[in-house]
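These figures come from a predicted structure and were not determined experimentally. Heavy-atom basis, side chains included; hydrogens, waters and symmetry copies ignored. Per chain, numbering begins at 1; letters A, B, ... match sequence-line order.
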There are 2 protein chains.
Amino acid sequence: MRGRNPFDGKPQMTLRDVAEAAGVSEMTVSRVLRQRGDVSEKTRERVFAAARQLGYVPNKIAGALASNRVNLVGVVIPSLSNMVFPDVLGGIGEVLGETSLQPVIGTSRYDPEQEEKVIYEMLSWRPSGLIVSGLEHTDAARAMMANAGIPVVEVMDVDGEPVAAAVGISHEAAGRAMAREIAARGYRRIGYLGSSSIADHRAQKRLKGFREGLAEAGLGLADECFYEGSSGFGTGRGMAEEILTRTPDLDFLYFNTDMNAVGGLIYCLEKGYSIPDQIGLAGFNAFEVLDGLPMRIATMDSKRHEIGRKAAELIASGELTDEIVTLEPEFQPGDTVRDG
Amino acid sequence: MRGRNPFDGKPQMTLRDVAEAAGVSEMTVSRVLRQRGDVSEKTRERVFAAARQLGYVPNKIAGALASNRVNLVGVVIPSLSNMVFPDVLGGIGEVLGETSLQPVIGTSRYDPEQEEKVIYEMLSWRPSGLIVSGLEHTDAARAMMANAGIPVVEVMDVDGEPVAAAVGISHEAAGRAMAREIAARGYRRIGYLGSSSIADHRAQKRLKGFREGLAEAGLGLADECFYEGSSGFGTGRGMAEEILTRTPDLDFLYFNTDMNAVGGLIYCLEKGYSIPDQIGLAGFNAFEVLDGLPMRIATMDSKRHEIGRKAAELIASGELTDEIVTLEPEFQPGDTVRDG
DNA sequence: GTGAAAGCGCTAACAG
DNA sequence: CTGTTAGCGCTTTCAC
């Protein structure tokens, strides 16, 4: 006897079992269950009855091997706890939901080596497409993506060299645009608060663009503050306290993400700062969950949902495209910056 | 020629290709790549070299069919946007990360029919285990789970009849415990604010337990307020406004989730209520992201992470167990209830 | 230490 | 409309 999965308590039904029960060939059963080809109403019913009766669940492993078709789309993201990525997945799910394709999620924990492994695992299932977050990957990962022979889309970012297709925003442009908004509103003593992780490529690009935008206006960063670990109200609050203690004359705090910015806002409100006159604040992402707070934080919409949708559309098209889709982040002044 | 997947741009490498390149049999290549059996160091190296050179990626579909072994664990949850579930997934990922098993996530969008479909899809890949959120499923889904022949664990809830194993908390007990805490602290005019969806079984159970707990103390609900759609600061804020306008003498607001409770807290602070004396508030879940707000909301830890870990451990054990693991939710008074 | 043969459960292609 | 045949790429088993 052949090896059995130790978990296989009961033997699984096969097409053959259904075929015998219905008194037809395996092929006919296969056709009925996949709604392919013409089958008489009579046999069709008998087959369905037999299948239901036996509790038959098709074996997609076998089907995929025989047909060389796998209706899965690999999606590789850094994490599920950062709200950015569930939003992207939502967009992907919406679009794929209208097709026969199914997303399969893998997480890299912000680690390129881990990402490489996950991509390898995914490709070994021969999916119909692959969506990967970001443009920075190990050489091996890039090689795998380039040679996968399936549509591959890198999402979130367009500042760099995609392997094939890419859908995202320019984070450099987003940082630059925010700098212009801030400068145009008369803020002059500006602090940046963000992650110390150089692996957070997109935040680094926003910071780069931000500096450039400030430079255009003859400004520079008056101070910077970095954190390790995860973003959150507490993190933002702590950073605001630190930077304002060190450099009390700041009149603007630019955060790497809304979650931190809201923490900073809370701190400033508590300390009695007048917002947005005495001090302004801005974040990034435009998280909807934050609607309902006393003040809306100034931010820039990172278009996460739309990125997911567009990426899924590229995959669903089946084309091996290398199209680059650049979406425009949208500035939302909220209540924490002065009027321009 | 056989049918090809339209996405198959380039032909994929097979074991045979590697075998030819290395000048050995397919079997030897297979053994080397899976680190099974004894292979001489020499051939081992040649095989690795050939595989790397050709960019070989094994075909797990074929491997799984031949070995009747699939290292995937299906995880079916309602949604990824509700922070509850990423937390559970985190716990699952931690435990499975130390095994050869990989989680595959599917979402039901709080729809039993959709859930049934997702479970069917997952089982058709013959995974090594299945984790499903909640105890309420269609009959067909229950039948599939019961007959899957793999370890199946229902998570989050233990108030009901699990198909096999279950890991969770008793939401009725959680509601009851919260009622006791509130009553013991002298609150008497209590309002409930939650979802109108009867499909939110766990919130319904908490409400049931809550009523029972109040009744024990000779109390009842003074008013109730329900919302449709998703939870959030804005939702909680709106509900608080509505219920306090209608029933101004309430001295406690019990929310179905922390996200709404914080919205209610913001409203009460704005309106100048003295918290926790004039009015108390409580939520449910103990979301960490909320740390850093001016006041910590009273809540009960739903033990999401631990639930995920324990469920994954049951799956990883490989046993077809029907163990029921009941975790104890933990009351956290925060700053929004009076001292007991 | 290595290879040859058989077959996992299903579907493509073709025949009737 | 239905059946037969071959084979997907890999692993198991058994032989050497």
Handout entry: Donor-acceptor pair between B:Ser40 and B:Arg44 side chains, under 3.5 angstrom
Key = no
Exercise for the section: Establish, with yes or no, whether the OP1 or OP2 oxygen of C:dG9 is under 4.0 angstrom from a side-chain nitrogen or oxygen of A:Thr14. Expected result: no
Completion exercise
Distance col, row B:Glu323:CD vs B:Glu319:CD, nearest 0.5 angstrom, shows 10.0 Å
Exercise for the section: Find which nucleotide of DNA chain C each of B:Arg44 and A:Ser30 is nearest to by heavy atoms, and output the residue with the more 5' nucleotide. Expected result: B:Arg44
Practice task
Give the rounded distance in Å between these two atoms: CD of A:Glu20 and C1' of C:dC10.
Solution key: 16 Å
Fill in the blank from the handout: Separation of D:dC8 atom P from B:Asn59 atom CG, nearest Å, is 12 Å
Problem - Under-4.0 Å side-chain N/O to phosphate OP1/OP2 contact, A:Thr43 with D:dT2 - result: yes
Problem - Candidate nucleotides C:dG3, D:dT12, C:dC10, ranked by approach to the side chain of A:Tyr56 - the nearest - result: C:dC10
Handout entry: Distance, rounded to the nearest Å, where A:Gln12 contributes CD and C:dC10 contributes P
Key = 10 Å
Exercise for the section: Using atom CG of A:Leu65 as one end and atom P of C:dA12 as the other, report the distance to the nearest whole Å. Expected result: 12 Å
Practice task
Determine: side-chain N/O of A:Arg34 to OP1/OP2 of C:dT11, distance under 4.0 Å, yes or no.
Solution key: yes
Handout entry: Donor on one side chain, acceptor on other, A:Arg142 and A:Thr138, under 3.5 Å
Key = no
Practice task
Could you check which of C:dG3, C:dA13, C:dC10 has an atom nearest any side-chain atom of A:Ala62?
Solution key: C:dC10
Problem - From D:dT2, C:dT11, D:dT11, nucleotide with atom closest to A:Val39 side chain - result: D:dT2
Handout entry: Distance, nearest 0.5 Å, that separates CD of A:Gln53 from CE of A:Met13
Key = 9.0 Å
Handout entry: Spacing between A:Leu15 atom CG and C:dG7 atom P, to the nearest angstrom
Key = 19 Å
Practice task
Ignoring backbone atoms, test whether B:Ser67 places a side-chain nitrogen or oxygen under 4.0 Å from the OP1 or OP2 oxygen of D:dC10.
Solution key: no
Problem - C:dG1 phosphate, OP1 or OP2, under 4.0 Å from B:Ser40 side-chain N/O - result: no
Handout entry: Options C:dT2, C:dG1, D:dT11, nucleotide nearest the side-chain atoms of B:Asp38
Key = C:dG1
Handout entry: d(CG, A:Asn68; P, D:dG7) in whole Å
Key = 16 Å
Practice task
May I ask you to evaluate whether B:Thr28 reaches the phosphate of C:dT2, defined as a side-chain N or O under 4.0 Å from OP1 or OP2?
Solution key: no
Practice task
Please determine if a side-chain N or O atom of B:Arg16 lies less than 4.0 Å away from the OP1 or OP2 oxygen of D:dG7.
Solution key: no
Exercise for the section: Answer yes or no: does a side-chain N or O of B:Arg69 lie under 4.0 Å from OP1 or OP2 of D:dT12? Expected result: yes
Problem - Shortest side-chain distance from B:Arg31, nucleotide among C:dG1, C:dC10, C:dG3 - result: C:dG3
Exercise for the section: Provide, to the nearest angstrom, the distance between the NZ atom belonging to A:Lys60 and the C1' atom belonging to C:dG9. Expected result: 14 Å
Problem - Interatomic distance where CG belongs to A:Leu54 and P belongs to C:dG9 [whole Å] - result: 15 Å
Handout entry: Under 3.5 Å: donor-acceptor pair, side chain of B:Ser128, backbone of B:Val70
Key = yes
Practice task
Taking atom types as modelled, find out whether B:His137 and B:Glu115 have a side-chain donor-acceptor pair closer than 3.5 angstrom.
Solution key: yes
